[in-house]
Amino acid sequence: MRVDGVWYRSVWVDQANFQPGDGLPRSTEPGPMEPGDGWSVHILDQTRLPWAVEILRLTEVGQIAHAIRSMQVRGAPLIGAVAAYGMALAVRADASTEAMERDAALLAATRPTAINLRWAIGRMLTRLRNTEAAERARVAYAEAALIADEDVAQCEAIGRHGAALIEAAAAQAPDRAVNVLTHCNAGWLATVDWGTALAPIYRAHDQGIDVHVWVDETRPRNQGAALTAWELGAHGVKHTVVADNAGGHLMQHGKVDLAIVGTDRVTRTGDVANKIGTYLKALAAHDNGVPFWVALPSSTIDWMVGDGVAEIPIEERDATEVTDVTGRTADGVITTVRVAAAGSPAANPAFDVTPARLVTGLITERGRCAASEAGLAGMFPDHA
Ligand code: MRU
């Protein structure tokens, strides 16, 4: 993704780890991928967006754990990739089995709902447990780079499979923009590049399709208003930020052609965990006959879980995310203010589960399938 003319991924290691001609997007200097130490991990600090583009250089596994917990990086596929690099930093510092297992547990405890985190750490451990200690750092960086590259390729493919839906909607209404509603941020900031829910939108836009996005603000942390709107604006995609409660009204009045959201965990039966409020959008879409699609790479499928409502752990975050709001004042100061009545307690469940019956279908890197056990098993017979 390009920001001010410079190519970024949302996590990267210095260019020393990239080979010329490998096809990866990179900047012309100066930029975030100029040659460096070859091992430290770089992220865009998402708590500073949309007000400032700030790059953080992380050199210890503890900093990676903090970045994930504090949501300097967030979004299911991205926290998986960043945790993989966290494992690389960990074994670079101490390649003993004891330290490696301890640091894996530290990373796994940072956020409970997104399965990509456990998936990536599990994949790294499988690889590293079978590797001599002296070789572990080299192998860990290579495996983390593979995870990141696979995520980019998968999201690019999701974009292709999802863009066909927008193309079909455009054919139905050639005289106006296709209106897509999305919730939270499932764009390139939430993955290594491209995004999941936003990848089809970027693809359709790049193909010349007139597309407009309704961006749910996504309280309490406002990932829609702050991150999705910023991303879409940087790419030149038409969009409008709406209060989370506006979706049902827009659908009733025919102003939404389809909804596309991302997800933090999909059960083998097709239940979908995503940012709090997604379930209400799916209910409204169902009531109004609006197609409700969920975009995901296969690393987001939890083959062990059948009943999403009963079995997916839902992260409870700090109540201050609900009682307080952060923004920029007219004179450019970034500040946090309390919006709830003084002394009132608040609850902050960060995700909800949309039952498969409310999901029109899943957009994966292999194509589109039904949100059901048969649909997923048919698409991923090797995994199922
Ligand atoms: O709490 P967050 O911001 O990490 O939640 C992110 C979401 O819910 C996204 O929709 C989801 O991770 C899909 S990301 C491609």
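Counting convention: from 1, in listed order, for ligands and their atoms alike. Any value given below was found using the heavy atoms of this structure, including those in side chains, with hydrogens, waters and symmetry copies removed.
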Heavy-atom pair with the smallest gap, counting every atom of A273 and I312: CB-CD1, 3.9 Å
Determine whether a donor-acceptor pair (N or O, by modelled atom type, separation under 3.5 Å) exists between the side chain of T360 and the backbone of W293. no
Out of all atoms in ligand 1, which are within 4.0 Å of some heavy atom of A190? Include the element for each. 14 (S), 15 (C)
Can you list the ligand 1 atoms lying under 4.0 Å from a non-hydrogen atom of M71? 1 (O), 2 (P), 3 (O)
Between L78 and ligand 1, which part of the residue brings a heavy atom under 4.0 Å of the ligand: side chain, backbone, both or neither? neither
Could you tell me whether K275 approaches ligand 1 through its side chain, its backbone, both or neither, with non-hydrogen atoms closer than 4.0 Å? both
Should V53 and V192 be counted in the same cluster of Ile, Leu, Val, Met, Phe, Trp and Tyr side chains packed under 4.5 Å apart? yes
List every atom of ligand 1 that sits less than 4.0 Å from any heavy atom of C184, numbering the atoms from 1 in the order shown and giving each element. 5 (O), 6 (C), 7 (C), 8 (O), 10 (O)
Can you sort out which atoms of ligand 1 are near A76, meaning under 4.0 Å from one of its heavy atoms? 12 (O), 14 (S)
Is there a donor-acceptor pair closer than 3.5 Å between any side-chain N or O of R366 and the backbone N or O of M379? yes
Angle between ring planes, W12 versus Y8, binned at 30° and 60°: parallel, tilted or perpendicular? perpendicular
With a cut-off of 4.0 Å, which atoms of ligand 1 are near a heavy atom of T196? 15 (C)
Please confirm whether the backbone N or O of E321 pairs with a side-chain atom of R219, one donor and one acceptor, at under 3.5 Å? yes
Say whether R111 and ligand 1 are in contact under the criterion: heavy-atom distance to a ligand atom below 4.0 Å. yes
Where does N185 meet ligand 1, judged by heavy-atom distances below 4.0 Å: at the side chain, the backbone, both, or neither? backbone
Need the ligand 1 atom indices (1-based, order shown) with element for anything under 4.0 Å from a heavy-atom of Q223. 1 (O), 2 (P), 3 (O)
Within the side chain of H183, is there an N or O that forms a donor-acceptor pair under 3.5 Å with the backbone of I276? yes
Taking only heavy atoms of F351, which atoms of ligand 1 are found under 4.0 Å from at least one of them? 1 (O), 5 (O), 8 (O)
Can you tell me which portion of P77 lies within the under-4.0 Å heavy-atom range of ligand 1? Options are side chain, backbone, both, or neither. side chain
Counting heavy atoms only, which part of E315 comes closer than 4.0 Å to ligand 1: side chain, backbone, both or neither? neither
Less than 3.5 Å between some nitrogen or oxygen of D264 and one of ligand 1, yes or no? yes
Just checking, is any N or O donor in the side chain of T267 or D302 under 3.5 Å from an acceptor N or O on the other one? no
Within a distance under 4.0 Å of any heavy atom of N274, pick out the atoms of ligand 1 and give their elements. 7 (C), 8 (O), 9 (C), 10 (O), 11 (C)
